[in-house]
Amino acid sequence: MKIYNTLTKTKEEMQTIEPGKVRMYVCGPTVYNLIHIGNARPMIVFDTVRRYMEYKGLEVNYVMNFTDVDDKIIKASIAEGVDAEVISNRYIEECKKDMEGMNVRPATTHPQATLEIEGMQDMIHTLIKKGHAYVAMDGTVYFRTRSFEEYGKLSHKNLDDLRSGNRSLQVSGAEQKEDPLDFVLWKPKKDGEPFWESDWCDGRPGWHIECSVMSKRYLGEKIDIHAGGEDLVFPHHENEIAQSEAANGQEFARYWMHNAFLNIDNKKMSKSLGNFFTVRDISEKYDLRVLRFFMLQAHYRSPLNFSADLMEAAKNSLERIENAVENLKFLAENSTTSERIEKETALLQEAMTFTEQFEKAMDDDFNTADAISAIFDLVKFANLNANGESSKEFLSELRDQIIRLMDICGIVVEKKEEMLDSQIESLIAERQQARKDRNFARADEIRDILLEKGIILEDTREGVKWKRIVD
RNA sequence: GGCGCCAUAGCCAAGUGGUAAGGCAAAGGUCUGCAACACCUCUAUCACCAGUUCAAAUCUGGUUGGCGCCUCCA
């Protein structure tokens, strides 16, 4: 299994610290509002990475935090006249609902920054003791960037470029920093803000220290994979490395994975620009499986453009796969032979090559776009080789294979067994009679009635099939 | 100003040295009372220029056009 590592800018064969086990940390959202579809990309991408690793037999300890102390949360709490906690807890719950809708599995642990303050203070103490941090006059604690020699190794920047190249940094350096690139580990409270007591001042932690500490607490000082959006490479992840490695004296994470951005009409989507859709917005128009499928059709390191047309295309594509699964199920239910015949054994063996194709693509830095094309090849193969004469065993093996691969992608194509509404059943029977009587007007009328209820009928050689509309 | 990424058919998107996967859409056809599903057929020399090579979408240099990070941000 190969992973593209931002640290080395190459694909590397994954070797875990502990055989058979993966320690993985994903930077989660700041919970001050409903998550948007940009937030959804890393959730979907890395959930798929996790699912694939588990499929390959690895045990994944998966941690995704919630950043629940932040300027915007505080701003929202002041606007509503409630505690910051009320805001963050509310949106953590909403985020979990959205994750469930996208079939993103809950992490092994979902730590929250405000519950880990003690660990943060410990790490800051250590950094001060080791000379990597200092306390300013007002109690702010800064990380001494120049004390960490490898600073810049993740984002491949060097300190001189950063210093000379950036105007705003130089201006803001007028504070009490020793160096404009030093960043905050602990900052003093302002009126009305949540705060914690500390040896330096009443205040709250800087953003970067949170992830360093939560990662260490739940996964240990050294982890296998640290992941997040590409915008976090600098400064967030760069700073995490500096803090963690300076404090712990060893490498922080082996592999750094970053997903590219989701754009709207070729423009960056951001909360500050206001051109964003929440996952909740999308869920009103589409089944969230469509959103998930849409995102997995591109490679996670390529920018992806979002639009209504593209969602429609993704929906139609997904339907093709679902149709095949439905069709196989229908044929199996009506098949008269149960055991497979020799020829079918050979066909099933051939079908396995699609699973191999799928795995080969996923092994190559989780190339979901390629992996999904293998699923389509399998779908084509199934459509071509399954018919009324096929055995039950053959049909269900094919169906299981498609379902299994889609399941790795985190998309459930197996419809739950639903009780056939007796009303629907009798309408279908009535329509069949009408067709027999060549009363096509009535037959079409019944079909329209069912269509309005979201039921699509399909007349096939083997009988009438029905399915619920996907949207 | 500094660092970096991308450019493949109408649209989306793999492929990163050996003569272009897959999906959507469109067109024609088979099946069918019609429709839908499915199947068959059909759509590209890979932004442009120059070079390296027996061989380049794939490597090198340049041009043009997009975009990202350097500030809260997935």
Sugar-phosphate only, base, or nothing, as touched by A/R442 at under 4.0 Å among non-hydrogen atoms: nothing

Atom-pair distance (CZ on A/F306; P on B/rA74), nearest Å: 18 Å

Contact under 4.0 Å: A/R320 side-chain N or O vs B/rC39 OP1/OP2: yes

Sugar-phosphate only, base, or nothing, as touched by A/I372 at under 4.0 Å among non-hydrogen atoms: nothing

Touch class at under 4.0 angstrom, heavy-atom based, for A/G38 against every strand present: base

Side-chain N,O (A/N39) to OP1/OP2 (B/rA74) below 4.0 Å: yes

Sugar-phosphate only, base, or nothing, as touched by A/S302 at under 4.0 Å among non-hydrogen atoms: sugar-phosphate

Touch class at under 4.0 angstrom, heavy-atom based, for A/H236 against every strand present: nothing

A/N316 versus A/E312, side-chain donor and acceptor atoms under 3.5 Å: no

Under 3.5 Å side-chain donor-acceptor pair for A/Y91 and A/D68: no

Sugar-phosphate, base or nothing in reach of A/F440, heavy atoms under 4.0 Å: base

Sugar-phosphate, base or nothing in reach of A/H258, heavy atoms under 4.0 Å: nothing

P gap between B/rC24 and B/rG66, integer Å: 32 Å

Nucleotide paired to B/rC5 in any strand shown, Watson-Crick or G-U, under 3.5 Å: B/rG66

Interatomic distance, A/N65 atom CG to A/E210 atom CD [nearest 0.5 angstrom]: 7.5 Å

Sugar-phosphate only, base, or nothing, as touched by A/I35 at under 4.0 Å among non-hydrogen atoms: nothing

Nucleotide of B/rG22, B/rC12, B/rC40 approaching A/K380 most closely (side-chain heavy atoms): B/rC40

Sugar-phosphate, base or nothing in reach of A/D377, heavy atoms under 4.0 Å: sugar-phosphate

Length of the line joining A/F376:CZ and B/rA21:C1', which is rounded to integer Å: 12 Å

Donor-acceptor pair present, A/R461 side chain and B/rC37 base, under 3.5 Å: no

Heavy-atom donor-acceptor pair, A/D444 side-chain to B/rG33 base, under 3.5 Å: yes

Donor-acceptor pair under 3.5 Å, A/R447 side chain vs B/rA35 base: yes

Donor-acceptor contact present, side-chain A/T278 to main-chain A/D281, <3.5 Å: yes

Spacing of the P atoms in B/rG22 and B/rA14 (rounded, Å): 15 Å

Atom pair distance, as rounded to whole Å: CZ in A/R431 and P in B/rA35: 13 Å

Sugar-phosphate only, base, or nothing, as touched by A/N383 at under 4.0 Å among non-hydrogen atoms: sugar-phosphate

Ion pair A/D71/A/R204, N-O distance below 4.0 Å: yes

Sugar-phosphate, base or nothing in reach of A/F294, heavy atoms under 4.0 Å: nothing

Touch class at under 4.0 angstrom, heavy-atom based, for A/E458 against every strand present: base

A/K157 (side chain) and B/rC3 (base): donor-acceptor pair under 3.5 Å: no

Same-atom distance (P) from B/rC11 to B/rU45, integer angstrom: 14 Å

Which residue lies more 5' along RNA chain B, comparing A/F293 with A/P235 via nearest heavy atoms: A/F293

Whether A/H226 and A/W256 hold their rings parallel, tilted or perpendicular, with breakpoints at 30° and 60°: parallel

Check: A/F306 ring centre within less than 6.0 Å of A/F294 ring centre: yes

N/O (side chain, A/N323) to phosphate O (OP1/OP2, B/rA36) under 4.0 Å: no

Under 3.5 Å on both distances, the Watson-Crick or G-U partner of B/rG10: B/rC24

Rounded distance in Å - OH (A/Y300) to C1' (B/rC12): 20 Å

Nearest-Å distance once atom P is located in both B/rA47 and B/rU16: 16 Å

Interatomic distance, A/N259 CG vs B/rA74 P [rounded to whole Å]: 11 Å

Rounded distance in Å between the P positions of B/rG62 and B/rG10: 30 Å

Side chain of A/P42 (C-beta onward), nearest among B/rC12, B/rA74, B/rC34: B/rA74

Atom pair distance, as rounded to whole Å: CG in A/L331 and C1' in B/rC37: 11 Å

Spacing of the P atoms in B/rU58 and B/rA50 (rounded, Å): 14 Å

Separation of B/rG23 P from A/E322 CD (nearest whole Å): 16 Å

Which nucleotide in B/rG33, B/rA21, B/rA13 has an atom nearest any side-chain atom of A/L304: B/rA13

A/N316 vs B/rG23: side-chain N/O to OP1/OP2 distance below 4.0 Å: no

Partner nucleotide, any strand, of B/rG33 [Watson-Crick/G-U, under 3.5 Å]: none

Assigned partner base of B/rA44, Watson-Crick or wobble definition, under 3.5 Å: none

First of A/Q357 and A/R435 reached from the 5' end of RNA chain B, by closest nucleotide: A/Q357

A/L262 CG to B/rC12 P, straight-line distance once rounded to whole Å: 14 Å

Donor-acceptor pair (no angle test) under 3.5 Å: A/D459 side chain, B/rC34 base: yes

Polar side-chain atom of A/R431 near backbone of A/A443 as donor-acceptor pair, under 3.5 Å: yes

Interatomic distance at C1', B/rC46 relative to B/rG18, whole Å: 16 Å

Test item: A/T109 side-chain N/O and A/P111 main-chain N/O as donor-acceptor pair under 3.5 Å: no

